[in-house]
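Just so you know, ligand 1 is whichever comes first in the structure, and atom 1 is the first atom listed for that ligand.
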Amino acid sequence: MATVLIVYAHQSTGSFNAAVRDVAIKELSEQGYRVVVSDLYAMNFKANATKDDIIGDLKNPDLFQYGEETMHAWNEGRLSDDIVAEQRKVKEAELVIFQFPLYWFSVPAIMKGWMDRVLTQGFAFSLKNMYDNGVFKNKKAILSFTTGATESMFRPNGINGDINVALWPLQNGTLHFCGFQVLAPQIFWSPAHCRSVDRIVMLEQWCARLQGLMAEKALTFARCEWFGLSFEQGFLLRPEVKEEQESNAYGITTGHHLGKLLPPDNQTKVQAT
Ligand SMILES: Cc1cc2nc3c(=O)[nH]c(=O)nc-3n(C[C@H](O)[C@H](O)[C@H](O)COP(=O)(O)OP(=O)(O)OC[C@H]3O[C@@H](n4cnc5c(N)ncnc54)[C@H](O)[C@@H]3O)c2cc1C
């Protein structure tokens with residue numbers, strides 16, 4: 001049975017995030033998916049990346065380096081039980097939904113801790129296996145989140161600036177870095193400051209989207225093969241690719257803007273091909 005993992009971070013069972021999560025559980029279960037939920041606050045999930053995440057002796061006890069130590073521990077089956085349990089869920093899932101309220105333009109700390117601790121080197125990425133060559137290239141992921149701000153506040157001319165810029169670190173730097181095909185985010189704008197009828201419409205729209213979610217195309221990112229993939233080459237855009245891009249009015253992606261106009265909605269909408 002195909003599995004969907006919902007990594008969920010909200011403290012309250014009566015929250016709008018809980019309602020959004022429950023719509024996904026119901027709809028995806030009805031479609032025949034096995035839906036697994038990691039309810040991070042309910043689990044009291046440990047958010048800080050520390051020595052306690054490694055079972056047994058450290059490779060270098062004099063200078064603790066979390067990334068190195070967890071990579072060895074993953075190789076040797078010495079990661080703590082809570083990390084191993086989450087890694088098993090990710091491994092089994094064909095889609096991971098991150099459900100959360102936006103905190104400081106990002107995920108709540110407990111979810112950031114999940115990313116820091118679960119997506120360890122070896123398990124989730126390596127320098128050979130990243131971005132479109134990434135470990136999870138056959139899996140999909142989606143950020144589904146609520147905001148305090150309205151949609152207009154997150155426009156390029158709105159007071160918070162462009163939501164596409166805010167989403168780049170999570171969607172490119174974390175999810176796509178690990179190889180995930182990143183689906184367009186599901187954004188619930190300002191549920192606490194709208195009419196209750198609007199909240200019901202938002203839940204209905206989410207339910208409708210879930211019906212075709214697995215068939216959706218992913219967002220567009222720069223391809224690994226466009227870069228010189230070695231330290232000697234600096235992992236920079238290859239000269240011939242740079243040249244090809246010169247006539248384009250827009251940059252490649254929100255992050256790979258090449259000093260040009262940002263491609264509109266690059267992190268929020270699937271680009272026309
Ligand atoms: C530390 C921190 C940092 C933050 N940073 C940002 C930021 O950078 N940018 C930003 O925009 N915002 C930010 N916020 C605001 C935050 O994102 C919002 O408060 C949050 O997203 C609202 O979602 P919620 O699920 O908590 O809403 P709730 O307050 O739980 O719900 C909103 C409304 O929905 C109702 N509701 C619940 N269930 C249902 C249902 N089944 N059907 C219909 N209605 C229902 C509730 O009763 C309530 O009236 C921040 C907040 C904090 C605490």
Side-chain angles (χ1 to χ4, degrees), residues 4-31 35 37-49 96-117 141-175 182-211 213 219 254-255 262 264-269:
V4 175
L5 170 62
I6 304 179
V7 184
Y8 169 75
H10 200 291
Q11 305 89 340
S12 306
T13 49
S15 68
F16 193 70
N17 269 272
V20 174
R21 174 204 58 189
D22 290 345
V23 166
I25 294 173
K26 184 167 181 291
E27 173 55 35
L28 293 168
S29 302
E30 280 172 13
Q31 287 178 35
V35 183
V37 180
S38 286
D39 184 344
L40 300 182
Y41 288 107
M43 291 157 73
N44 201 17
F45 190 79
K46 177 178 173 284
N48 48 355
V96 182
I97 300 176
F98 292 89
Q99 182 61 55
F100 59 96
L102 193 70
Y103 275 11
W104 299 121
F105 285 33
S106 187
V107 291
I110 201 164
M111 187 175 277
K112 178 60 165 51
W114 186 97
M115 290 170 173
D116 290 350
R117 296 179 63 236
I142 178 171
L143 300 181
S144 171
F145 61 93
T146 57
T147 67
T150 59
E151 185 268 339
S152 66
M153 289 162 83
F154 267 112
R155 286 187 201 158
N157 59 343
I159 191 159
N160 289 342
D162 191 342
I163 188 70
N164 290 276
V165 174
L167 290 172
W168 177 256
L170 282 170
Q171 293 193 152
N172 182 72
T174 306
L175 301 181
V182 183
L183 301 180
Q186 180 72 21
I187 310 177
F188 300 90
W189 297 107
S190 200
H193 306 108
C194 65
R195 298 172 308 163
S196 74
V197 63
D198 297 327
R199 287 195 287 271
I200 289 164
V201 169
M202 283 197 265
L203 293 173
E204 285 170 355
Q205 285 171 340
W206 176 224
C207 187
R209 183 176 176 199
L210 283 161
Q211 286 161 23
L213 195 71
L219 297 171
T254 304
L262 300 189
D265 300 331
N266 172 257
Q267 292 295 293
T268 48
K269 290 194 181 129

Checking the N or O distance criterion of under 3.5 Å, is ligand 1 in contact with [X]?
X: Pro101; result: no
X: Gly148; result: yes
X: Pro191; result: no
X: Phe105; result: yes

Can you report which non-hydrogen protein atom sits closest to [atom], along with the distance?
atom: atom 23 (O) of ligand 1; value: Thr146 OG1, 3.0 Å
atom: atom 14 (N) of ligand 1; value: Leu102 O, 3.2 Å
atom: atom 27 (O) of ligand 1; value: Phe16 CB, 3.9 Å
atom: atom 2 (C) of ligand 1; value: Tyr103 CD1, 3.5 Å
atom: atom 42 (N) of ligand 1; value: Leu203 CD1, 3.6 Å
atom: atom 41 (N) of ligand 1; value: Ala19 CB, 3.3 Å
atom: atom 26 (O) of ligand 1; value: His10 NE2, 2.7 Å
atom: atom 34 (O) of ligand 1; value: Arg199 CD, 3.0 Å

Closest candidate by heavy atom, reference atom 7 (C) of ligand 1, pool Phe100, Phe188, Trp104: Trp104
Ring pair (Phe, Tyr, Trp, His ring centres under 6.0 Å) partners of Tyr8, counting only residues at least two apart: none
Give me the atom names and distance for the closest heavy-atom approach of [X] to [Y].
X: Gln267; Y: Leu167; answer: O-CD1, 3.9 Å
X: Gln171; Y: Leu183; answer: OE1-O, 4.3 Å
X: Ala109; Y: Ala47; answer: O-CB, 3.9 Å
X: Ile142; Y: Pro185; answer: CG1-CA, 4.3 Å

Residue [X] vicinity, atoms of ligand 1 by number, heavy atom under 4.0 Å:
X: Ser15; result: 25 (O), 30 (O), 37 (C), 38 (N)
X: Asn17; result: 23 (O), 24 (P), 25 (O)
X: Ala149; result: 10 (C), 11 (O)
X: Ala192; result: 32 (C)

Basic-acidic side-chain contact under 4.0 Å: Asp22, Lys26: no
Any side-chain heavy-atom pair of Met115 and Val7 under 4.5 Å: no
Ser12 near ligand 1 by a heavy-atom separation under 4.0 Å: no
Non-hydrogen atom of Gly14 closer than 4.0 Å to ligand 1: yes
Inter-residue atom distance Asp265.CG - Thr254.OG1, 0.5 Å rounding: 9.0 Å
Parallel, tilted or perpendicular: ring planes of Phe154 versus Trp189, cut at 30 and 60 degrees: tilted
Whether over 12 other heavy atoms sit under 6.0 Å from Lys112 NZ: no
Residue Asn44 excluded, over 12 heavy atoms near CG under 6.0 Å: no
Structural part of Asn160 in contact with ligand 1, heavy atom criterion under 4.0 angstrom: neither
Check: Phe16 main-chain N/O paired with Arg199 side-chain donor or acceptor under 3.5 Å: no
Counterpart residues, side chain to side chain contact (heavy atoms under 4.5 Å, CB included), relative to Asp162 (two or more places apart): Pro156, Asn164, Val165, Leu262
Heavy-atom protein contact below 4.0 Å for atom 19 (O) of ligand 1: no
